[in-house]
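These notes concern the structure reproduced below.
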2 protein chains.
Amino acid sequence: MTIHPIDVILHKRDGFSLSDEEIHSFVRALVERTPDRLLVTDAQIAAFLMAVFLNGLNPSELASLTREMRFSGDTFDAAPLKTFTIDKHSTGGVGDKTSLLIAPVLAAAGLAHPTPEGVPGICVPMISGRSLGHTGGTLDKLETIPGFNTQLDLPRMAETLRRCGAALIGQTPRIVPADRILYALRDHTGTVESPFLINASIMSKKLAESLNALVLDVKVGSGAFMPSYERSKYLAELMVQTGEASGTRTVALLTGMDEPLGRFSGNWIEVWECVDIMRGRRHPLSSDLIELSNALSGWMLHLAGRASSPQEGALLADRILTSGEAYEAWLKIVQAQGGDTSLFDDPAAHHHPAATRTLKATETGYLSSMDCKQVGWAVQRLGAGRAKPADPVDAHAGIESHAKLGDRIEAGQPLFTLFSSDERLLDEPEQMLSETIRIEPDAPVKQPLIREIVSAASLQSAS
Amino acid sequence: MTIHPIDVILHKRDGFSLSDEEIHSFVRALVERTPDRLLVTDAQIAAFLMAVFLNGLNPSELASLTREMRFSGDTFDAAPLKTFTIDKHSTGGVGDKTSLLIAPVLAAAGLAHPTPEGVPGICVPMISGRSLGHTGGTLDKLETIPGFNTQLDLPRMAETLRRCGAALIGQTPRIVPADRILYALRDHTGTVESPFLINASIMSKKLAESLNALVLDVKVGSGAFMPSYERSKYLAELMVQTGEASGTRTVALLTGMDEPLGRFSGNWIEVWECVDIMRGRRHPLSSDLIELSNALSGWMLHLAGRASSPQEGALLADRILTSGEAYEAWLKIVQAQGGDTSLFDDPAAHHHPAATRTLKATETGYLSSMDCKQVGWAVQRLGAGRAKPADPVDAHAGIESHAKLGDRIEAGQPLFTLFSSDERLLDEPEQMLSETIRIEPDAPVKQPLIREIVSAASLQSAS
């Protein structure tokens with residue numbers, strides 16, 4: 001019997017639980033439709049998305065939707081590699097470049113201990129995204145490296161993993177095509193912030209990488225997509241449940257996104273910051289970035305069996321960063337993907353913003369708060385992001401942070417330097433930044449960067 | 001400041017009350033969009049409709065949406081006629097042909113008492129619809145009269161009213177265009193049965209007729225669109241509130257739709273049934289139709305000041321039907337709209353179904369129940385309705401009822417005669433009818449046809 005999309009919409013609308021068959025047929029209709037054969041219309045998909053947004057999905061429906069999306073197109077098959085596959089995913093932040101450190105750290109750990117077949121003992125098949133809303137995108141950052149090719153197909157990704165222990169690629173049209181269709185519609189129908197739809201979108205893509213383990217960085221605070229700590233935590237719980245139910249060991253870290261992470265927020269300047277760290281040049285403003293990167297890498301090394309605890313894993317990650325092993329792995333990955341590594345000798349020399357402006361403090365006190373989402377939008381408006389999906393991004397746009405929350409500030413001290421390729425793009429972001437910065441007479445209470453861990457064990461003890 | 005459709009969707013999704021400006025700009029975007037300038041996409045409209053379906057509209061939002069839709073295109077201006085304008089609207093039923101009796105009855109009452117300027121003292125500017133779902137449509141019935149033109153523009157409608165006291169026309173593309181767009185999308189996105197959206201759809205069109213008064217026939221029972229008595233009553237209350245708030249005296253009758261109304265359900269056969277009644281040939285199976293028509297006309301005559309009570313109005317309506325005055329008015333209207341009245345001399349002679357089949361009772365007892373929606377679908381599948389919006393309807397398709405609920409039935413006695421222009425279309429409807437008919441040993445408890453009256457007064461005493 002054919003299940004019509006309209007019946008699936010009506011059932012979700014009326015609060016019934018959708019069957020596996022209903023979800024299967026809806027996702028198939030989505031993927032198999034053609035302009036001549038509109039098995040389901042955009043309007044029907046939008047109605048379905050809004051019904052899911054408002055009525056939610058129960059665990060069985062959510063598992064079914066995630067599974068159907070995961071298998072809606074090509075999936076990466078890691079079995080022939082006979083190795084331990086692991087990835088990290090962040091819900092999106094400002095200046096969040098941990099992927100550029102974590103992939104090399106894990107690759108280095110894997111290269112140091114190959115399998116009997118000579119494959120790195122840990123592989124990171126990392127499929128990343130582009131800048132979205134107020135947040136940056138790993139692909140946009142990587143593509144500022146001349147020649148770096150993020151559009152590898154799956155066989156080439158496997159080959160890169162075999163040689164380097166990590167591959168950093170973009171979603172192809174054939175990987176989880178259902179998500180591409182749903183995502184484009186969610187963005188303009190007001191159905192983005194549903195924990196159920198976010199879970200299905202993220203987890204379908206990550207599980208399509210055929211992972212043994214996954215570490216999630218779920219942002220909380222003013223720069224997070226989720227509007228409250230509780231909503232972020234609920235999303236983390238859903239994703240851990242979904243991952244574990246699919247046989248992927250899954251852990252989520254709830255981490256603060258109240259200010260840009262590290263020193264730079266943009267595209268090339270974020271690569272520069274990571275190269276500096278991997279070459280042993282740690283700028284004081286990069287400490288939060290290094291702390292978060294090590295915590296995430298630590299969990300990954302622990303799950304991969306290389307450390308007896310996440311804490312020990314974090315220490316190991318820091319040693320790999322310091323020793324130059326991560327940098328070696330990084331060069332290997334960049335070269336394997338066609339990137340020119342000669343720029344890394346002096347990354348600052350390749351930062352060429354046509355226009356620069358420095359925002360200075362107008363009063364003395366402590367840097368007490370900012371709306372980090374607004375800061376992210378300022379970065380995007382400088383040219384680091386896109387107004388429309390097909391627009392190019394400006395490699396040189398972005399901001400440099402000169403202070404962190406809680407720092408003592410003297411009037412006249414620089415707070416941010418703004419970079420853009422177009423002088424005219426500086427005014428609005430400068431205004432946005434100066435509006436959102438608060439300097440108060442008293443030092444604010446500083447929150448830890450890592451707020452909480454959600455794991456199968458924490459969920460079990462909570463229930 | 002421009003209000004973007006996405007923000008209206010987000011506000012409704014998140015349970016905020018929409019402002020008049022937000023609803024205004026959303027409806028304008030709907031009406032003013034062009035293929036080159038998609039101010040709002042189908043997907044966005046669908047998301048909005050589902051958010052309204054699930055989160056509802058408060059009285060102020062509902063009034064605003066109805067008003068914006070009402071004024072989204074051309075409206076009929078009755079002021080130059082200087083008469084009392086009134087209409088009736090039904091939420092849709094099977095065999096429901098009361099409009100074909102009520103318009104002539106009210107027109108006759110108006111013609112009998114012209115204004116000082118010589119216009120009928122009551123005018124019925126009736127804008128009707130086509131068959132929809134399992135229900136029949138007044139326009140489809142009228143168009144079986146050769147030459148009858150339902151596509152009058154508004155100046156020609158005014159002229160017809162001036163001469164005949166009633167005009168029976170279809171919605172033009174320029175009357176309430178917002179409803180045409182919303183309706184087409186609601187139908188395939190599962191957002192039809194919202195009392196808020198139904199109210200806005202019906203009342204925007206009726207109020208665009210510039211009415212002094214409106215009587216609503218809100219169906220309850222197995223043949224009604226609304227799934228329960230409570231939901232039908234809630235819809236009736238919303239419509240009465242909306243009408244009254246717009247200065248149109250509005251009354252709703254909750255009436256039973258548990259079996260087809262009258263003797264025939266189809267297109268030409270329904271015209272035939274009404275012509276018979278107006279010419280004084282009352283078939284016993286038409287009694288429920290006459291009762292309902294008189295009750296609705298009675299309320300209309302009362303609201304128009306021609307009867308001191310609805311009951312007295314019903315008696316007056318019955319006298320107008322019996323005296324031949326209604327038939328005279330009917331001939332006048334049909335002629336004014338180009339219809340050939342010669343067929344009315346022997347309407348049975350113009351019923352030419354190519355295929356006929358009679359469904360007989362297989363047991364003895366009392367006709368106790370049927371799913372009237374299923375009966376309606378059987379009528380549609382015989383060819384009286386459309387599978388796609390642009391399809392023609394079969395003038396000769398339909399059914400004749402030979403018994404009413406509660407009637408004593410002998411095995412072998414005919415229950416329905418089925419008519420179609422295509423022999424092959426008989427099987428499925430015959431099956432549908434035989435499946436839904438229940439004959440039980442005991443007589444069922446018969447419910448009154450008119451269940452309840454909702455008016456400004458009843459709402460006030462209830463609150």
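Reminder, nothing fancy here: chain letters follow the sequence lines and each chain counts from 1.
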Residue A:Leu10 versus chain B: region with a heavy atom under 4.5 Å: side chain

Measuring heavy-atom distances to chain A, does B:Leu185 have an atom under 4.5 Å in its side chain, in its backbone, in both, or in neither? side chain

Mind checking the OG1-CZ spacing from A:Thr189 to B:Arg13? Nearest 0.5 Å is all I need. 9.5 Å

Which atom of A:Ala46 lies closest to which atom of B:Ala43, heavy atoms considered: CB-O, 3.1 Å

With the side chain counted from C-beta on, respond yes when B:Lys12 and A:Met50 share a heavy-atom pair under 4.5 Å apart, and no when they do not. no

Tell me, yes or no, whether the heavy-atom count around B:Tyr229 atom OH, taken from other residues, nucleotides or ligands under 6.0 Å, exceeds 12. yes

Please report the interatomic distance CG(B:Asp187) to CD1(A:Ile6), rounded to the nearest 0.5 Å. 7.5 Å

